[in-house]
2 protein chains.
Amino acid sequence: MSDDEIASIARTVTIQDVARLAGVSTATVSRALALPDRVAEATREAVFSAIRETGYTPNAAARSLRAKATRMVLVLLPGLGNSFFTPVLDALEEVFSSKGYGVLVGYARQSRSRETHYARLIRGGQVDGVLVITGNVPRDEEFVAIPESVPISLMFSDIPGTDQFSVFDVDNRLASATLVRHLIAEGHSRIAHIVGPEGSLESHERLAGFRDAHAGAGLALDESLVWRGAGNFDFVSGDRAVSDYLAAGARPTAVFAAADEIALGFMRGLKNHGVSVPGDVSVAGFDDTEYAEHYDPALTTMRQPRTELGRLAAHDLLRRMMAKGETLPRTHLRLPCELIIRESVRRL
Amino acid sequence: MSDDEIASIARTVTIQDVARLAGVSTATVSRALALPDRVAEATREAVFSAIRETGYTPNAAARSLRAKATRMVLVLLPGLGNSFFTPVLDALEEVFSSKGYGVLVGYARQSRSRETHYARLIRGGQVDGVLVITGNVPRDEEFVAIPESVPISLMFSDIPGTDQFSVFDVDNRLASATLVRHLIAEGHSRIAHIVGPEGSLESHERLAGFRDAHAGAGLALDESLVWRGAGNFDFVSGDRAVSDYLAAGARPTAVFAAADEIALGFMRGLKNHGVSVPGDVSVAGFDDTEYAEHYDPALTTMRQPRTELGRLAAHDLLRRMMAKGETLPRTHLRLPCELIIRESVRRL
DNA sequence: ACAGTAGATGTAATCGATTACAAGAATTCG
DNA sequence: CGAATTCTTGTAATCGATTACATCTACTGT
């Protein structure tokens, strides 16, 4: 006990202190830690005992400086507001921390200074790798390019026109079409779509899939049933779409929202106007977030394999970070989505 | 453009490169950056121009080594499964990143190796401060004490018997009693409580508040209406409590769940058995997470000021980290909760 | 018994930025 | 005009760990 107490009060313990106590050089201490079988049994024990006695922990900054690696990855999210991201972050933390990497989170909300902050982090060598989730790669005020030595991967959204980054996503267009085809198969022919936020590639792709399904079924698409104006993948945007529904001349029998949160907000708003789901109108979402299953009514949706994609992206990034020097060819992994049928869609 | 390209391809730029290009010493470059008015106008411009040309960004590890500070804070959460934490993390990231600090997230799920990992991070000087949200301070395999030089604050849950850390929380007992008093005021006298996970201080306090309210109102408490067995603050635990409800001899007219997620899971489970809320039974939660408002029926609950508590805790930690050397007296901040009345509780 | 080899350990350079100290240049003032 | 003061800049030590290289010891085989 007194040992521990001393250790916690004394000035930070360095490798010098350990070396002195063990009666060896700092090189030997370092080796005992990094390559235990390259030091003699007795020495090793002396070193470990000294380490225990002093409570020594190597200084990360010194190690990083020498090794040119920080064992940190930066995960950039658009914010945590949407529960879509939580299992992703969960999976990432799981994999990275199990390999001894720290996970730095950054929210890439629309803020210039914040973007600069994160660009600096990357260019300052503070992180060994970056995962950009549904967003853009940060640039600093001088728009200086990110060094290629730091591997960057994108998740859930590609950046068109670049071949520079690895991508882990799903085929939003195909998944969207599959879902809408299901609605059609259930007997719906007047289907509306609450489009996701403008400027988002996923929104665009899902809308394309919505059109594909109509075309594939030889169904005419009423353009007045394409409801734009969602500011985000959130409740509020869904709630706002209620007015589109109420204003529609001939009301749709089914509504496909570009995301679960939008669908939930929409259904809640509908309820306030006495419209029942799926009695009066069927509703489907996209993502299969945790709340989709537990909402009342439980939501029919497309499941994105978020946890799996997170794990795979993490392992891929790990591989790249290890491959010091050579740059591996970019990975583009697309995992299939799965149609989850629940209560919010009724057969006509 | 060619400049940027060269900068991104060349080996990492150091202060030496900038000094050489600007025709000054590294000391001058460093000063131009840190104390601009201590270098001559002309020199400063030469330095900045060289920095721009090379795309130089100071190496964080080198700076940390010298400065003995990393400008990183560690935020330990029990996991992100519960949406309770997202606004907290949001607020923390907001404050810290605006002050140039990076936020490292760690999930303190029950895992020995993970705990060791984070304890090492702290002891290795990799972070300047720590925020432990609803959990314990990590210890490594040797249980060596955390150095006192790293400020640590706790959020939402105190660790009884310690005076070592600052705490930012609410009076769970009082808030719980207030909520239950509201139920009583609405005419309920048979009230059940779905107790939170065992071993959690908040669970314990909320149960105490539940009892206080009964005692205060001179109401006898039927111990068979204290439902334990929740594994966590989650849907599943709420769903599990449905069997307690169904098995109850004389059914309660209101149920107070120790957390919103539990309440939501409980209501969803009830629905599957044809029990309606608030028609057949009233339900109240605790926390006021985002979904409480948007659920159907919208949930009556106690709001914890999560964002505000997050901001205040962040600023306090920032102050402590700046105060290099002296240790400031610990802060214990309690913010009041607010009763949010919605649809899930019916007047009897 | 001795050259050759393997094993263990120490010496010192190195990573990149910061900063105390020194020194030189420019300015002020009596 | 010379001394004192202020500005500006450079030199070199420093932060703590890693590692190439050198050195020394202890075996091995003939």
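All chains are named by letter (A, B, ...) in the order of the sequence lines, taking the proteins before the strands, and each is independently numbered beginning at 1. Computed from heavy atoms alone, side chains included, the values below leave out hydrogens, waters and symmetry copies.
Nucleic acid contact class of S64(A) (heavy atoms, under 4.0 Å, all strands): none.
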Q) How does protein reach along nucleotides 12-21 of chain D, written 5' to 3' as B (base within reach of a heavy atom under 4.0 Å), S (only sugar-phosphate), or - (no contact)? A) -BBBBBBB--

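Using modelled atom types, no side-chain atom of R311(A) and backbone atom of A91(A) make a donor-acceptor pair closer than 3.5 Å. Under the 3.5 Å distance criterion, the side-chain polar atoms of H117(B) are left unmatched by any main-chain donor or acceptor of S113(B).
For the pair D169(A) and R334(A), the salt-bridge criterion is met [side-chain N within less than 4.0 Å of a carboxylate O].
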Which pairs would a plain distance check flag for residues 95-107 of chain B, meaning a side-chain donor or acceptor within less than 3.5 Å of a matching protein atom at least two apart in sequence or in another chain?
residue: S97(B); atom: OG; partner: E93(B); partner atom: O; Å: 3.2
residue: S98(B); atom: OG; partner: E94(B); partner atom: O; Å: 3.4
residue: S98(B); atom: OG; partner: V95(B); partner atom: O; Å: 2.8

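Taking every heavy atom of both residues into account, T70(A) and Q126(A) meet most closely at OG1-O, 3.0 Å.
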